[in-house]
Amino acid sequence: MPQKIHICVAWPYAAGDRHIGHLAGAYLPPDIFARYHRLVGNEVLMVSGSDTHGTPITLRADKESITRQQVIERYHTRFVEAFLQFGLTFDLYTHTDTQNHWDVTHDLFLRHLARAYMYTDKQYQLYAVDDQQWLPDRYVEGTCPFCSFTQARGDQCDNCGRTYDAVELVAPYSRITGSTNLEKRPTEHFFFDLGQANDFLIEWLNRPDKASWRTHVLNLARARAESRELRGRPITRDLDWGITIPVPGYADKRIYVWYDAVIGYLSATREWALLTGDPAAWEAWWREGDEQVESFYFIGKDNIEFHAIIWPAMLHGYGPIAGPDAPGPWLKQPSDVPANEYLTLGDFKFSTSYGNVITINDAAERYQIDAWRYALTAMAPETQDSEFTWQEFVRRVNTELVANWGNLVNRVLGFAFKQFEGHVPQPGALDAQDEVLLTAVRGGFDSVGALYAARKFKAALDAALRLSQEVNRYLNDKAPWTLIKTDRAAAATSVYVVLQAIDWLKLLFAPVLPSSSQQVHSLLGHDGDLFGRQYTEMVADARGQHLVLRYDHRGATGSWQPAPLPAGQPLRKPEALFIKLDESVIEEELARMQVSTP
RNA sequence: UGCGGGGUGGAGCAGAGGCAGCUCGUUGGGCUCAUAACCCAAAGGCCGCAGGUUCGAGUCCUGCCCCCGCUACCA
């Protein structure tokens with residue numbers, strides 16, 4: 001029976017473009033994982049969406065003198081466009097300003113309240129007297145009380161990384177108006193009581209299944225839990241926009257973004273169920289204790305605490321799905337949180353200027369998608385920060401992707417097409433060398449597959465590439481271009497063996513390189529698609545309309561198995577898989593980045 | 001005066017107790033089907049430094065030095 005693989009992807013703020021670091025760190029890995037599991041035959045549900053709340057959106061809107069709604073729509077649309085271009089197969093990519101998300105957030109709020117995971121308390125916050133407005137969190141800046149950094153944010157200092165309360169800032173000022181006439185005023189807020197989940201978290205983080213977690217994730221999470229310093233965290237704010245508070249008397253307050261953002265994983269699953277016409281279908285993905293389901297949260301390292309501490313505590317605080325006192329299953333805890341480190345931009349490390357970004361929208365326009373997917377996977381910061389440079393990008397594409405795999409496909413398909421009348425040749429009996437090669441490539445379904453399953457994508461790609469190199473080696477040994485002059489049947493056999501190897505290799509590469517693998521599939525004369533179809537649509541609900549990105553796996557024919565290649569199958573006219581990059585793109589891109597610097 | 005990451009052949013990285021490995025580059029050779037691609041061979045490392053634990057240490061412990069990010073509104 002196939003597994004259910006639930007893939008949860010970090011929710012980006014709809015307040016600014018995503019760059020290639022986000023892609024390498026948080027968006028590409030889950031898609032590789034999703035595609036692998038779909039090929040294997042597992043049922044996959046990959047969800048995410050844009051976060052439409054939070055201070056950055058207001059600040060952006062103020063800066064450009066447009067409405068928040070315009071900011072949200074612009075960036076949400078740009079995310080959807082780029083994710084579509086990069087082939088990120090979200091079963092549902094939505095956003096948080098939907099009726100469904102409000103409903104689910106209210107449900108969690110009320111349940112946490114009912115189960116005493118929530119309490120209210122007075123808190124001092126800064127109030128801008130002249131502007132008559134509260135200044136929660138990042139609406140205020142000032143001098144860090146610890147390190148005296150002068151542009152410290154309201155909740156955390158960028159210089160020393162410490163967190164504190166905004167009222168502790170020295171010389172605070174409004175980030176909206178610059179006003180320094182601020183007062184500390186008491187205000188009542190709801191707090192989510194993390195401390196109540198502390199024992200549970202320690203126990204949970206020490207279960208044997210955590211052995212497969214990345215060490216940097218587990219170390220950080222355990223350190224937090226075992227410090228026993230977890231306590232209440234405010235989850236409401238004095239704001240006039242955002243998700244309302246579902247109890248009377250708090251009309252002038254809204255839910256704080258961190259609380260509702262992580263709820264997106266659950267609400268998006270429910271929205272997906274609504275869209276499929278079976279509103280109850282979400283539950284099959286969320287029952288704790290169901291061995292058939294595993295859930296994976298792909299995020300960047302700055303988000304580890306939210307996904308390995310706070311969200312598990314919130315799920316635990318919810319209790320049984322059916323009701324506070326029901327016997328039934330609880331909400332499912334993450335099976336793994338494979339957080340990546342950062343991909344840093346190396347070309348401008350000494351630049352203090354602003355805006356040297358490579359946005360994913362730009363990236364998609366300028367180079368082949370599979371070239372990006374290859375390079376960013378090969379460079380991915382799986383266990384440590386890694387550096388992106390254009391030189392490295394060109395090198396990876398030209399000397400690894402093009403030279404090894406692209407060229408292999410090209411040289412063999414070209415030869416076969418010309419010498420064997422455009423058909424897969426009929427092989428004779430296989431000799432020991434043929435068998436050795438095919439056994440090695442066939443073994444990739446186990447070895448490379450295991451690496452994909454273990455979320456070791458760099459290693460998986462490396463292993464597939466090494467098999468491709470084996471095929472190149474075999475080809476040089478057999479030299480069918482010489483053999484064909486004296487022994488056409490022997491040449492036919494070795495060409496067949498190589499075509500068979502390529503037909504399997506395309507699958508081993510497919511999670512990372514979906515479109516070029518599809519092309520190889522087609523060139524080898526197969527019909528049908530390895531994967532399903534992505535599409536966008538507008539969804540209407542009580543809060544209006546929103547754009548969603550979706551994926552339909554029906555009709556996909558790709559399967560993680562070494563199927564035999566039929567001899568005699570007509571080939572299609574070969575064409576190059578990848579474009580070799582000219583060295584000049586390094587200079588061009590560096591110049592572009594200089595120009596874009598304000 | 002912090003937080004985080006790291007120091008392994010020329011470059012980028014893997015390895016986390018048992019003969020130092022991969023990709024690229026370099027040098028020499030082979031091949032000519034192929035996107036000057038492919039294949040073979042060679043050179044190149046006191047695994048940052050100093051102590052310690054151990055039969056045995058890139059790998060564990062202690063101390064030190066150095067580098068990088070934190071100005072890509074921060075994944």
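Chain letters run A, B, ... following the sequence lines, proteins first, then strands; residues in each count from 1.
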Cation-pi check, A:R233 onto A:W258 ring (under 6.0 Å, within 45° of axis): yes
5' precedence on RNA chain B between A:L408 and A:L475 (nearest-nucleotide basis): A:L475
Earlier contact from the 5' end, RNA chain B, for A:G406 and A:G300: A:G406
Considering only side-chain heavy atoms of [X], which listed nucleotide, [options], is closest?
{"X": "A:H19", "options": "B:C40, B:A72, B:A37", "value": "B:A72"}
{"X": "A:T482", "options": "B:G12, B:U32, B:C24", "value": "B:U32"}
{"X": "A:A403", "options": "B:G12, B:C22, B:A37", "value": "B:A37"}
{"X": "A:T399", "options": "B:G25, B:C33, B:C39", "value": "B:G25"}
{"X": "A:D462", "options": "B:A34, B:C22, B:C24", "value": "B:C22"}
{"X": "A:N472", "options": "B:C39, B:A34, B:A72", "value": "B:C39"}

Donor-acceptor pair, side chain of [X] and main chain of [Y], under 3.5 angstrom:
{"X": "A:R373", "Y": "A:F86", "result": "yes"}
{"X": "A:D31", "Y": "A:T89", "result": "yes"}
{"X": "A:E470", "Y": "A:V441", "result": "no"}

Determine the Euclidean distance between corresponding [atom1] atoms of [M] and [N]; express it in Å to zero decimal places.
{"N": "B:U54", "M": "B:C22", "atom1": "C1'", "result": "30 Å"}
{"N": "B:G44", "M": "B:A20", "atom1": "C1'", "result": "13 Å"}
{"N": "B:U1", "M": "B:U62", "atom1": "C1'", "result": "24 Å"}
{"N": "B:G7", "M": "B:A14", "atom1": "P", "result": "8 Å"}
{"N": "B:G12", "M": "B:U35", "atom1": "C1'", "result": "24 Å"}
{"N": "B:G45", "M": "B:C31", "atom1": "P", "result": "32 Å"}
{"N": "B:U53", "M": "B:C70", "atom1": "P", "result": "41 Å"}
{"N": "B:A50", "M": "B:A57", "atom1": "C1'", "result": "15 Å"}

ring centroid sep under 5.5 Å plus plane angle under 30, A:F415 with B:C33: no
Any side-chain heavy-atom pair of A:L461 and A:L465 under 4.5 Å: no
Just N and O in the side chain of [X]: are any of them under 4.0 Å from OP1 or OP2 of [N]?
{"X": "A:K418", "N": "B:A34", "result": "yes"}
{"X": "A:Q469", "N": "B:C39", "result": "yes"}
{"X": "A:R396", "N": "B:U23", "result": "no"}

Starting from [atom2] on [N], measure out to [atom1] on [X] and report it in whole angstrom.
{"X": "A:N398", "N": "B:C38", "atom1": "CG", "atom2": "C1'", "result": "16 Å"}
{"X": "A:K485", "N": "B:U32", "atom1": "NZ", "atom2": "C1'", "result": "9 Å"}
{"X": "A:L413", "N": "B:C38", "atom1": "CG", "atom2": "P", "result": "17 Å"}
{"X": "A:N404", "N": "B:A36", "atom1": "CG", "atom2": "P", "result": "15 Å"}
{"X": "A:M379", "N": "B:G5", "atom1": "CE", "atom2": "P", "result": "23 Å"}
{"X": "A:W481", "N": "B:G30", "atom1": "CH2", "atom2": "C1'", "result": "12 Å"}
{"X": "A:L401", "N": "B:C38", "atom1": "CG", "atom2": "P", "result": "12 Å"}

Intermediate values then yes/no, side chain to side chain donor-acceptor pair (under 3.5 Å), A:E365 and A:Q85: CA-CA 9 Å; A:E365 296 298 333; A:Q85 284 177 294; 3.3 Å; yes
Chi-based syn or anti call at B:G58, which uses purine or pyrimidine torsion atoms and a 90° bound: syn
A:Q519/A:S522 under side chain to side chain donor-acceptor pair (under 3.5 Å): CA gap, chis, key distance, verdict: CA-CA 5 Å; A:Q519 195 181 343; A:S522 166; over 6 Å; no
Under 4.0 Å, counting only non-hydrogen atoms across every strand here, what does [X] touch: a base, just sugar-phosphate, or nothing?
{"X": "A:G21", "result": "base"}
{"X": "A:N410", "result": "base"}
{"X": "A:R466", "result": "sugar-phosphate"}

Base B:A34 to side chain A:N407, donor-acceptor N/O within 3.5 Å cut-off: yes
Base B:C31 paired with A:N476 side chain (donor-acceptor, <3.5 Å): no
Of residues 571-581 of chain A, the positions that come close to RNA chain B - non-hydrogen atoms, cut-off under 4.0 Å: A:A576, A:L577, A:F578, A:K580
Closest non-hydrogen atom pair between A:Y27 and A:A10, with its separation: CE2-O, 3.6 Å
Heavy-atom pair with the smallest gap, counting every atom of A:V140 and A:Y173: CG2-O, 3.4 Å
Aromatic ring proximity, centroids under 6.0 angstrom, A:H19 and A:F388: no
Proximity of A:Y452 and A:F33 rings by center, below 6.0 Å: no
Check: A:T58/A:R68 side-chain N/O donor and acceptor closer than 3.5 Å: yes
Watson-Crick and G-U pairing of RNA chain B written in dot-bracket, each distance under 3.5 angstrom, with | for inter-strand partners: .(((((((.[[[[.)..(..]]]].(((((.......))))).....[[[[[..)....]]]]])))))).....
